[in-house]
Visitor: 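Structure incoming, see below.
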Amino acid sequence: MPPQIKRLALLFVLFIGLFLTLKYFLTPKSFGEFGHYRGLALEEGKLKVPEYTGQKACAECHDDMMVLKMANEHASLSCETCHGAGRIHISSVDSVVVSPPKPNTREFCGICHAKNAARKADNIKQIDLKEHNKGELCTKCHNPHSPWQETK
Amino acid sequence: MQHLYEMLSKVDGYIYPNEIELNWSILIVLYPFITGLVAGAFILASLERVFKVKVLKPTYTIALLTALSFMMVATLPLISHLAQPQRFYEIMITPHLTSAMAIFGFVYLWYLMVVLLLEIWLDYRRDIVLWSQEKTGVMKRVYKILTLGVTDLSESTVKWDDKLGYFITIIGIPSAFLLHGYVGFIFGSVKANPWWSTVLMPVIFLFSAMVSGIALVMIVFMVVNYIRKQVIDMACLNEIAKYLLIALILDFALEGLDQVHRIYEAEESFNILDILVKGKLTYTLFLFQWFLGMIVPMVTLATLQFVKNRNKLKKRLYMMTGILVLCGIFFMRWNVVVGGQLFSKSFYGFTTFKLHLIGSEGIMMAALWLILPCTILAFLFWLLPPWKRHEV
Amino acid sequence: MARDEVKSRRDFLSKAAMVAGGLFISAGASPFASLLYATERKSKTGPWYGMGIDLEKCIGCGRCADACKTENNVPREPFFFRTWVEQYTILNDGTVHVESPNGGIDGFSQKFPDEEIFKSFFVPKMCNHCAKSPCTQVCPVGATFTSPEGLSLVDPTYCLGCRYCVQACPYGCRYIHPVTHVVDKCTMCYHRITKGLLPACVEVCPKHAKIFGDLNDPKSELVKFMKDHSWQVLKPHMNTEPKVFYNQLRAEVR
């Protein structure tokens, strides 16, 4: 065999060997467990703590509010739909309470109730945000937890 | 993030909210541009070696060294554009075989190590050995290393160099096709993007690669001769120009076919592409890519085919067409890569693109990736001067 | 007699045709099965998740987009969304206008007077978790993949940030996270559903317009929703087999 081929073959084998060694050490251990990906990624994806606790959790302490809300038109709304994620609030209760936002602005009620051609009247009751009792907070007349009651 | 807010106000119509930022910008324009130069230059070199076009002999090594120096930087714009560049090795150790991009690492290595380096090494081996005996000091050691310890210059061994080299060129041609056709496939296989998704994409990329590669070698050939104050081999230059013309015609026909097909089929996406082409891409597509980058060079070269002598004029015009063609192909890549991201996949609107001067995706960075291969080429010419080779 | 013969012959032929037809149908059934919704299931035993979206019910409040950002640390800027809401307005002159101001989080305001409007509706968008997802197909390293539950997920510790998947997604559901510098997308709240919770967007939807469920479970709410409504998927011609099923989807939606 000509010498240069011998040399090239040697280098080639060395190169492949080096590559395979690197591949062996660099490939994550769980790679390929379930498919062409790092199997551990699935477990890691589950680790994150949920921010939204669900309204059952709220009921534990605010059962009065829950009972009130469930009895009327806003029953289909979760507490967190308006008050935002509850995890931080709930875990803070034992020390200094971090209050969740209480969005009582007109714009906030408007994201659901403002008149819009894309909203069907039988799907959601709408008002003209600019006209309906102009200048006053909605919560003055509508209790957010029971829209046809007055807020106490 | 500020610039994204700025772009938000320039959105035209409706785009999906995540589409504001162009994900692939100038660096990804460079990537097919540079690989195209490599593939084209190599194909020109193989014309001499395999198809025995003897007039092209003076460009053979020039073409190979050009291909090599551009190949060495081909991946750099790609890696530097990654959001996590330090993880690039993953593409080699866990390539996902259904991905068009995954094989790039291997195609690249194959082409760089097996085709280009080997062919050049085999071609130069005799000279390297001789240089390692003639030179002194550091250079002696450098050439010694380059011989890889094989100093045998017996006739049968040298004959093997030639045989192997020939064999590698033969493998090299399909590899060059593979390399660049494959880059076209990276775009052509994205079904979500109607501007990219066409079966012709790999072929168009291939022929435009040949166009740009041949033009580049032509320019390098002229510059080298100019710097070395040599009288240029006019027959060779004319021959390159002829091949450039052929490649241009083929490329033009293919691109034309693609557009005609697009217009005639007028699929769902046609309206938005029509607005795109006539709006945001007017200059880069019609003026730079087609008129200046194709039609003008084509007409010039075709006319020059009938002109005898007048070498000075010819040289000037060749230089001009070479540069025009290179710019034209650059804009072709630009129109594909950037143009394909300007319209929303909802087909209801456009985003905008603003090129910055500095920054990791800026013009300066792009210029760096174009200057670097030229520097490498100059270095290679110094290390392995094609004009100081030993007569057999 | 001759008639009998003809009759029996005809009988035979028709029987033979029936048998042949039956064979043809049963033999043909399996290839045609792929025409049904997202049938290419990698998991036949475990769950195979999907989402139903009832456009009849959606009131475009954008709480889903808002909750998603909180739940998944999605940057608040108006150009990073795992889910967002679009408002389509088709005018009497036939023109289609689409908008999604800040993904719908701040609410929508009607742009055209009622008299000009032919039809208007909201469309919440999210990752379709396609059964034949083009995004996972093109990932060069396996950093995005289809989980055993049929969800397209991203491994943030492995992603290169090459953005090929962003290009490959026909629905614009992926973006590069400006903090982590890897690609980010809807996970169907993987960390929630594996704990038995609902995805955050479903949790906060005031009209129950989003129905999360398991396509492998014939009793799931999602399967019931799909039986009761004439759903459609987005861009069916892409053949990505999306697993987000829209009720009342109109042709204008892309």
Side-chain angles (χ1 to χ4, degrees), chain B residues 1 4-5 7-8 11 13-25 28 78-79 81-105 186-187 189-194 196 267-269 272 337 340-341 344-349 351, chain C residues 65 75 77-82 84 86 88 96-104 125 134-145 156-178 180-185 235 237-240 252-254:
Chain B
M1 216 87 81
L4 288 181
Y5 276 106
M7 276 151 123
L8 195 59
V11 167
Y14 175 73
I15 64 171
Y16 297 136
N18 294 333
E19 284 181 327
I20 295 218
E21 188 173 16
L22 251 69
N23 280 293
W24 286 353
S25 101
I28 304 298
L78 207 58
I79 292 175
H81 131 279
L82 293 180
Q84 302 282 349
Q86 78 285 0
R87 293 184 187 161
F88 80 94
Y89 67 88
E90 289 167 2
I91 208 168
M92 300 298 301
I93 58 164
T94 56
H96 186 213
L97 295 180
T98 63
S99 165
M101 201 182 268
I103 328 295
F104 182 72
I186 289 186
F187 294 96
S189 62
V190 177
K191 67 177 165 190
N193 190 322
W196 292 348
E267 290 182 350
E268 185 192 14
S269 58
I272 193 92
V337 175
Q341 299 171 79
S344 165
K345 286 175 194 149
S346 69
F347 304 158
Y348 279 123
T351 182
Chain C
E77 278 78 16
F79 19 78
F80 304 111
F81 290 92
R82 288 182 175 201
W84 67 96
E86 296 169 353
Y88 276 72
V96 181
H97 298 263
V98 196
E99 57 172 332
S100 183
N102 193 15
K125 292 276 186 82
C135 55
T136 58
Q137 182 188 27
V138 302
C139 177
V141 296
T144 178
F145 52 89
T157 64
Y158 211 63
C159 172
L160 297 172
C162 74
R163 305 153 206 226
Y164 201 13
C165 55
V166 184
Q167 307 289 3
C169 174
Y171 309 100
C173 292
R174 289 170 167 256
Y175 64 94
I176 294 283
H177 197 293
T180 59
H181 297 294
V182 289
V183 74
D184 196 52
K185 69 177 287 293
K235 303 191 182 181
H237 57 279
M238 288 281 163
N239 195 25
T240 53
E252 294 87 359
V253 182
R254 290 195 287 238

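Chain letters run A, B, ... following the sequence lines, proteins first and then strands; every chain starts at 1.
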Visitor: Are the side chain of Lys125(C) and the backbone N or O of Tyr16(B) linked by a donor-acceptor pair below 3.5 Å?
Guide: no

Visitor: CD1/Ile20(B) to CZ/Phe80(C) distance, rounded to the nearest 0.5 angstrom?
Guide: 9.0 Å

Visitor: Using modelled atom types only, decide if a donor and an acceptor are shared between the side chain of Thr98(B) and the backbone of Gln137(C) within a distance under 3.5 Å.
Guide: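 Answer holds: yes.
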
Visitor: Tell me, do Tyr14(B) and Arg254(C) make a side-chain contact under 4.5 Å, heavy atoms counted?
Guide: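 No; the side chains remain at least 4.5 Å from each other.
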
Visitor: side-chain contact (heavy atoms from CB on, under 4.5 Å), that's the test. Do Tyr171(C) and Lys345(B) meet it? Break it down for me.
Guide: CA-CA 7 Å; Tyr171(C) 309 100; Lys345(B) 286 175 194 149; over 6 Å; no

Visitor: Donor-acceptor check, side chain of Glu19(B) to backbone of Phe79(C), threshold 3.5 angstrom: yes or no?
Guide: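 No.
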
Visitor: Closest approach of Cys159(C) and Arg87(B), non-hydrogen atoms and distance?
Guide: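 Smallest interatomic distance, heavy atoms only, reads O-NH1, 2.7 Å.
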
Visitor: Using non-hydrogen atoms only, which part of Ile186(B) is less than 4.5 Å away from chain C: side chain, backbone, both, or neither?
Guide: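 When you check distances to chain C, atoms from both the backbone and side chain of Ile186(B) fall under 4.5 Å.
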
Visitor: Given a strict heavy-atom distance threshold of 4.5 Å, which part of Ser344(B) is in contact with chain C: side chain, backbone, both, or neither?
Guide: neither

Visitor: Could you report the tightest heavy-atom contact between Glu90(B) and Leu160(C), atom names first, then the distance?
Guide: OE1-CD2, 3.7 Å

Visitor: Measure across His96(B) and Thr136(C) and return the closest heavy-atom pair with its distance rounded to 0.1 Å.
Guide: CE1-O, 3.0 Å

Visitor: Shortest non-hydrogen contact from Ala168(C) to Ala192(B)?
Guide: O-CB, 3.3 Å

Visitor: Return the minimal non-hydrogen interatomic distance between Ile93(B) and Tyr158(C), and the atom names on each side.
Guide: CD1-OH, 4.1 Å

Visitor: At what distance, to the nearest 0.5 angstrom, does CZ of Arg163(C) lie from CD of Glu21(B)?
Guide: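 One gets 6.5 Å once the value is rounded to the nearest 0.5 Å.
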
Visitor: Rounded to the nearest 0.5 Å, what separates atom CD1 in Ile28(B) from atom SG in Cys162(C)?
Guide: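 Interatomic distance, Ile28(B) CD1 to Cys162(C) SG, rounded to 0.5 Å: 8.5 Å.
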
Visitor: With only heavy atoms counted, which part of His97(C) is less than 4.5 Å from chain B, the side chain, the backbone, both or neither?
Guide: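 His97(C) has no heavy atom closer than 4.5 Å to chain B.
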
Visitor: Check the pair Glu77(C) / Tyr5(B) against side-chain contact (heavy atoms from CB on, under 4.5 Å), numbers first and verdict last.
Guide: CA-CA 9 Å; Glu77(C) 278 78 16; Tyr5(B) 276 106; 3.4 Å; yes

Visitor: Could you check which of Gly103(C), Pro75(C), Cys139(C) has the highest count of heavy-atom pairs closer than 4.5 Å to chain B?
Guide: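 Answer, by heavy-atom pair count under 4.5 Å with chain B: Cys139(C).
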
Visitor: Find the distance between CD (Gln84(B)) and OG1 (Thr157(C)) and round it off to the nearest 0.5 Å.
Guide: 10.0 Å

Visitor: What part of Gln86(B) gets within 4.5 angstrom of chain C, counting heavy atoms only: side chain, backbone, both, or neither?
Guide: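 When you check distances to chain C, no heavy atom of Gln86(B) falls under 4.5 Å.
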
Visitor: If only atom types and distance count, is the side chain of Trp84(C) paired as donor or acceptor with the main-chain N or O of Asn18(B) below 3.5 Å?
Guide: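 No.
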
Visitor: Which one of Phe187(B), Trp24(B), Trp196(B), Phe104(B) has the most heavy-atom pairs closer than 4.5 Å to chain C?
Guide: Trp24(B)

Visitor: Less than 4.5 Å to any heavy atom of chain B: does that hold for the side chain of Pro78(C), its backbone, both, or neither?
Guide: both

Visitor: Please state whether the side chain, the backbone, both or neither of Leu4(B) comes within less than 4.5 Å of a heavy atom of chain C.
Guide: both

Visitor: Should Met101(B) and Val138(C) be marked as a side-chain contact (heavy atoms from CB on, under 4.5 Å) after you check the CA-CA gap, both sets of side-chain angles, and the distance that decides it?
Guide: CA-CA 7 Å; Met101(B) 201 182 268; Val138(C) 302; over 6 Å; no

Visitor: Is Ile91(B) close to chain C through its backbone or its side chain, or both, or neither, when contacts mean heavy atoms under 4.5 Å?
Guide: both

Visitor: Quick check: does any side chain N or O of His181(C) sit under 3.5 Å from a backbone N or O of Ala83(B), one acting as donor and the other as acceptor?
Guide: no

Visitor: Quick one: pull up SG in Cys169(C) and CG in Asn193(B) and give me the separation to the nearest 0.5 Å.
Guide: 12.0 Å

